[in-house]
Amino acid sequence: GRSAAVVAVGGVAAAVALVVSTQVWQVQHHPLRAAAQRGSAATLVVRLRDDPRAVSAPGYGGRQPQVQQVVVHAELEAATVAGQQWRTGGRVIVLAPAQGWIGLLPGQRVRTSGLLAAANRSDLTVAVLRAPGGPEGVSAPTAGPRAAGRRRPGGPRPAERPAPGA
């Protein structure tokens, strides 16, 4: 009875701990991690996990806040750094100018270039890419996100949030 339940709970806890520790190890030993800590230039192929989130710059002098940048949470598919290519997974965050990114939908695949930076998040993000421009090679959205985008008022619109420190 009771001892069997304790053993079962202990087994589940051990399995969860094993999965989490394996994922943490994979993030710590990911090929992009060292490149990100060096601030290396990279070209990434990613699949958007969510809508690009607009970051608004604060208004001043009676002007309205303006969307200037986006934060894009994505799943890494491939990376090129210093001539080395990897086909690998992992979560990445892209910080980019809003132009070209606003309106993209989850599931779309894009290629983008920029400078890598270390992720300072406690989740499983392996790197941050600071992209100076819009995405290239944008794939068409899959049917689900495309239909959801049509149902949104005004089409696909990211959630706006104020700029950090605003």
Side-chain angles (χ1 to χ4, degrees), residues 16 19-33 35-37 39-59 64-81 85-166:
V16 168
V19 168
V20 169
S21 63
T22 300
Q23 289 178 334
V24 169
W25 185 90
Q26 288 174 339
V27 168
Q28 290 174 343
H29 295 88
H30 196 281
L32 279 190
R33 193 149 177 107
Q37 293 185 352
S40 299
T43 298
L44 306 182
V45 175
V46 300
R47 187 167 304 276
L48 276 65
R49 297 180 62 217
D50 201 357
D51 291 316
R53 292 193 186 125
V55 178
S56 298
Q64 294 294 318
Q66 294 183 352
V67 174
Q68 295 179 350
Q69 285 200 304
V70 293
V71 176
V72 182
H73 292 263
E75 187 68 29
L76 180 65
E77 292 187 355
T80 304
V81 178
Q85 294 182 342
W86 295 283
R87 287 215 170 278
T88 183
R91 294 179 182 177
V92 295
I93 294 175
V94 179
L95 304 176
Q99 188 171 359
W101 292 92
I102 293 288
L104 293 181
L105 297 171
Q108 283 187 276
R109 185 175 183 230
V110 301
R111 183 178 57 253
T112 186
S113 298
L115 295 178
L116 291 169
N120 60 358
R121 300 169 51 100
S122 59
D123 64 6
L124 298 176
T125 302
V126 297
V128 174
L129 182 77
R130 291 189 174 103
E136 302 170 355
V138 177
S139 72
T142 58
R146 186 171 48 236
R150 281 196 298 264
R151 286 194 301 268
R152 294 178 188 154
R157 292 187 46 182
E160 291 193 20
R161 59 168 66 162

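Predicted model, so just to flag it, every value in this text is computed and none were measured.
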Kindly give the heavy-atom pair with the smallest separation between [X] and [Y], and that separation in Å.
X    : Y    : result
A131 : P97  : O-CD, 3.1 Å
G114 : P132 : CA-CD, 4.0 Å
V128 : A118 : CG2-O, 4.3 Å
T80  : Q85  : OG1-CG, 3.5 Å
V110 : P135 : CB-CB, 3.8 Å
G134 : W101 : CA-NE1, 3.5 Å

Fill in: E75 atom CD: more than 12 heavy-atom contacts under 6.0 Å
yes

Worksheet entry | Cationic N near anionic O, under 4.0 Å, E77 to R109 | yes

If we only count heavy atoms from C-beta on, is the [X] to [Y] side-chain gap below 4.5 Å?
X   : Y    : value
L48 : L105 : no
D51 : P106 : yes
V71 : L95  : yes

Practice prompt. Spell out, as yes or no, whether a donor-acceptor pair under 3.5 Å connects the side chain of S40 to the backbone of A35.
Written response: yes

Worksheet item: Does R47 offer a backbone N or O that forms a donor-acceptor pair with the side chain of Q108 under 3.5 Å?
Response: no

Practice prompt. Begin with the C-alpha distance, continue with both residues' side-chain angles, and end with the deciding distance and a verdict on side chain to side chain contact (heavy atoms under 4.5 Å, CB included) for L32 and L116.
Written response: CA-CA 8 Å; L32 279 190; L116 291 169; 3.9 Å; yes

Between [atom1] of [X] and [atom2] of [Y], what distance do you get to the nearest 0.5 Å?
X    : Y    : atom1 : atom2 : answer
L44  : R111 : CG    : CZ    : 11.5 Å
Q69  : R130 : CD    : CZ    : 9.5 Å
N120 : I93  : CG    : CD1   : 8.5 Å
L76  : W86  : CG    : CH2   : 10.0 Å

Item to complete: Go through the steps to decide whether V70 and V55 satisfy the test side chain to side chain contact (heavy atoms under 4.5 Å, CB included), and finish with yes or no.
Response: CA-CA 5 Å; V70 293; V55 178; over 6 Å; no

Worksheet entry | V92: which of L129, V46, V72 passes side-chain contact (heavy atoms from CB on, under 4.5 Å) | V46

Item to complete: Decide side chain to side chain contact (heavy atoms under 4.5 Å, CB included) for H73 and R91; before the verdict, give the C-alpha distance in whole Å, the side-chain angles of both, and the deciding distance to 0.1 Å.
Response: CA-CA 7 Å; H73 292 263; R91 294 179 182 177; over 6 Å; no

